[in-house]
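Data first, discussion second: the structure below is written as structure tokens.
Residue numbers start at 1 and run along the sequence shown.
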Amino acid sequence: SEMSDQEIPPEIREAQRKFMDSMQGLPARDKTITYSKRFIAFIDILGFREILKREASDSPNFLFHRLLDSYWFWSAASSANVELLSDSIIISSKDDHPASYIHVANTLNSMRDSFLERGLLIRGAITFGNHFNEHGVLISPALAEAYELETSSAIYPRIRCDKSATDAFEATVQHTSAWPICIRKP
């Protein structure tokens with residue numbers, strides 16, 4: 001048995017209105033959503049469980065400010081998208097241009113230095129591939145690949161660069177005569 005509009009409490013009606021408003025701008029079900037090619041980095045803050053026990057067991061205040069001090073400037077100053085979720089940082093390029101690879105790499109280098117200055121070590125990986133992140137939904141084979149590379153082969157505090165990222169960067173640079181960079185193969 002369904003409730004009539006008169007029986008629905010005002011707070012439920014307001015929640016329904018907010019939900020419907022949030023649905024504005026979403027693609028229709030008959031519209032095909034596609035991936036974009038992006039440079040993606042997945043970063044792990046090492047020893048985070050121990051840090052949580054030591055610094056945030058009663059309150060997240062100290063750890064929050066320590067992370068914020070390490071993270072906020074580089075996320076705001078970056079030409080890439082940066083998201084922090086607990087002990088994970090996801091960095092995605094805004095497009096597939098080779099300059100975007102440089103933006104992601106520079107953001108990573110700056111964050112690494114900033115975290116290190118505050119006694120935090122990071123480990124991660126950069127990949128290139130299919131990525132979708134819109135309307136609060138993240139579907140990304142490239143992110144899954146970066147996560148896998150970070151967890152399986154980046155044993156020490158370092159940033160691994162997957163062949164997919166270097167190949168995408170090199171292929172684009174080789175076909176762009178105006179790009180002022182030279183790549184040497186080992």
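Taken from CG in Leu108 to CD1 in Ile43, the straight-line distance is 4.5 Å, to the nearest 0.5 Å. The CD1 atom of Ile91 sits 8.0 Å away from atom CD1 of Ile159, with the distance rounded to the nearest 0.5 Å. Atom SG of residue Cys161 and atom CG of residue Asp167 lie 9.5 Å apart, to the nearest 0.5 angstrom.
In the model, Asn61 has a side-chain atom that pairs as donor or acceptor with a side-chain atom of His65 under 3.5 Å.
Following chains of ILVMFWY side-chain contacts shorter than 4.5 Å, one can reach Tyr147 starting from Ile40, so the two form part of one hydrophobic cluster.
Between Asn133 and Ile90 there is no side-chain heavy-atom pair separated by less than 4.5 Å. Proximity of Tyr156 to Leu121: side-chain heavy atoms (C-beta onward) are nowhere separated by under 4.5 Å.
Partners of Glu14 according to the salt bridge (charged side-chain N to carboxylate O under 4.0 Å, His left out) rule, which considers only residues two or more places apart in sequence or in another chain, are Arg17. Partners of Asp44 by side-chain contact (heavy atoms from CB on, under 4.5 Å), not counting sequence neighbours, listed by chain and number: Phe42, Leu46, Asp87, Arg123, Glu150. By the side-chain contact (heavy atoms from CB on, under 4.5 Å) test, Ala56 is found to be paired with Leu52, Leu63, residues two or more places apart in sequence or in another chain being considered. Partners of Asp95 under the side-chain contact (heavy atoms from CB on, under 4.5 Å) rule, at least two apart in sequence or in another chain, are Arg38, His97, Ser100.
Counting only residues at least two apart or on different chains, the salt bridge (charged side-chain N to carboxylate O under 4.0 Å, His left out) pairs with a member in residues 52-64 are Glu50-Lys53, Glu55-Arg66. Within the structure, every pair that satisfies the ring-ring contact (aromatic ring centres under 6.0 Å, His included) test and touches residues 107-133, not counting sequence neighbours, is listed here: Phe39-Phe128.
A donor-acceptor pair under 3.5 Å is formed between the side chain of Thr127 and the backbone N or O of Ala142. Checking side-chain atoms of Ser114 against main-chain N and O of Ser110 turns up no donor-acceptor pair under 3.5 Å.
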